[in-house]
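In this text the structure is predicted, and so the values were computed from the model without any measurement. Just follow the structure's listing: the first ligand is 1, and inside any ligand the first atom is 1.
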Amino acid sequence: MTATIKIIQDNITQLKVDAIVNAANVSLLGGGGVDGAIHSAAGPELLEACKKLNGCRVGQAKITPGFRLPARFVIHTVGPIWSGGDNDESKLLASCYRSCLDIAAVHGFKSMAFPAISCGVYGYPADQAAAIAINSIADNLQNCVDLETVYLVCFAEPVLKAYHEQFNCIKGVL
Ligand code: AR6
């Protein structure tokens with residue numbers, strides 16, 4: 001069975017799924033944006049768990065429990081900082097999605113939710129990031145045999161618009 005991809009506008013910290021993805025930084029020690037929101041909602045135990053992970057490279061991912069979140073787990077990934085597009089940003093962003101799905105496959109997750117990785121402070125153009133998100137998820141879904149639903153969670157209106165546009169473009173070829 002192939003999972004369904006759903007684009008929604010919501011606060012990712014409220015979602016009751018097996019895992020939510022955090023758009024973190026290489027330290028994994030918290031920050032602003034969705035990272036700050038996830039740490040606030042999960043409680044201080046999340047930072048304690050993150051301290052034991054020794055950071056994370058750009059494009060890779062690591063897992064912790066969700067503590068006080070409705071989600072059971074948090075998969076922390078580090079998106080690339082947009083610097084014009086000639087510094088492997090697209091490869092690294094695709095690698096974030098793939099790495100998170102690899103972890104979901106190992107754990108047999110049925111539901112997971114991604115924020116728009118790199119689309120905030122890290123400055124990735126939303127239309128390009130949306131295309132990478134949708135394509136890399138679609139390309140890697142076959143490895144996640146238990147996965148039923150993947151939520152692409154948009155917070156800001158322009159990002160939601162970009163996701164819908166890219167999804168409509170890509171739908172025809174999936
Ligand atoms: N739920 C869903 N999406 C959200 C939420 C939320 N509660 N809050 C923000 N977003 P950003 P980045 C959206 O900046 O660009 C942190 O400081 C937001 O509107 O959180 O990958 C880290 O520690 C945007 O579309 O992440 C890093 O230093 C998207 O999430 C750095 O920011 C990502 O925005 C990572 O930057």
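- Comment: D18 engages R72 in a salt bridge, judged by a side-chain N to carboxylate O separation of less than 4.0 angstrom.
- I20 places none of its side-chain heavy atoms less than 4.5 Å from the side chain of Q14.
- Ligand-side atoms of ligand 1 in range of C119: 15 (O), 25 (O), range being under 4.0 angstrom from any heavy atom.
- Those atoms of ligand 1 that come under 4.0 Å of a heavy atom in G31, given as number and element, are 17 (O), 23 (O).
- Distances from atom 19 (O) of ligand 1 to the heavy atoms of Y163, F155, Y124 put F155 nearest.
- Given atom 1 (N) of ligand 1, the protein heavy atom at minimum distance is I12 N, 3.0 Å.
- Close approach of ligand 1 to D35 (heavy-atom distance below 4.0 Å) involves ligand atoms 22 (C), 23 (O).
- A side-chain contact (heavy atoms from CB on, under 4.5 Å) with V58 is found for exactly one of I81, D88, V26, namely V26.
- What sits closest to atom 14 (O) of ligand 1 on the protein, heavy atoms only, is V121 N, 2.8 Å.
- Of the listed residues (L28, I75, L47, L53), just one forms a side-chain contact (heavy atoms from CB on, under 4.5 Å) with T64, and that residue is L53.
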Original post:
For Y97 and F114, what are the C-alpha separation, side-chain angles and deciding distance, and is it a ring-ring contact (aromatic ring centres under 6.0 Å, His included)?
Top reply: CA-CA 8 Å; Y97 286 95; F114 285 94; 4.9 Å; yes

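- The side-chain heavy atoms of T149 and K110, taken from C-beta on, include no pair separated by under 4.5 Å.
- For atom 27 (C) of ligand 1, the closest non-hydrogen atom of the protein is Y122 OH, 3.5 Å.
- Distances from atom 6 (C) of ligand 1 to the heavy atoms of N22, L29, V21, V34 put V34 nearest.
- Regarding atom 21 (O) of ligand 1, its nearest protein heavy-atom neighbour is S118 N, 2.8 Å.
- Counting only heavy atoms of the protein, atom 15 (O) of ligand 1 lies nearest to G120 N, 2.8 Å.
- Of the candidates G36, G32, G30, G32 brings a heavy atom nearest to atom 17 (O) of ligand 1.
- Looking at atom 7 (N) of ligand 1, its nearest protein heavy atom turns out to be N11 OD1, 2.9 Å.
- Closest to atom 33 (C) of ligand 1, if we only count protein heavy atoms, is A116 O, 3.2 Å.
- Under 4.0 Å from ligand 1, not a single heavy atom of I38 appears.
- Taking every non-hydrogen atom of D10 and a distance limit under 4.0 Å, the qualifying atoms of ligand 1 come out as 1 (N), 2 (C).
- Residues F155 and N11 form a side-chain contact, since some pair of their non-hydrogen atoms from C-beta on lies under 4.5 Å apart.
- Counting protein heavy atoms only, atom 26 (O) of ligand 1 is closest to A23 CB, 3.8 Å.
- The residues E165 and K161 are annotated as salt-bridged, a charged nitrogen and a carboxylate oxygen being separated by less than 4.0 angstrom.
- Residues L152 and L160 are members of one and the same hydrophobic cluster, defined by side-chain heavy-atom contacts under 4.5 angstrom among Ile, Leu, Val, Met, Phe, Trp and Tyr.
- The hydrophobic cluster containing V34 also contains V74, counting ILVMFWY residues as joined when their side-chain heavy atoms lie under 4.5 angstrom apart, directly or transitively.
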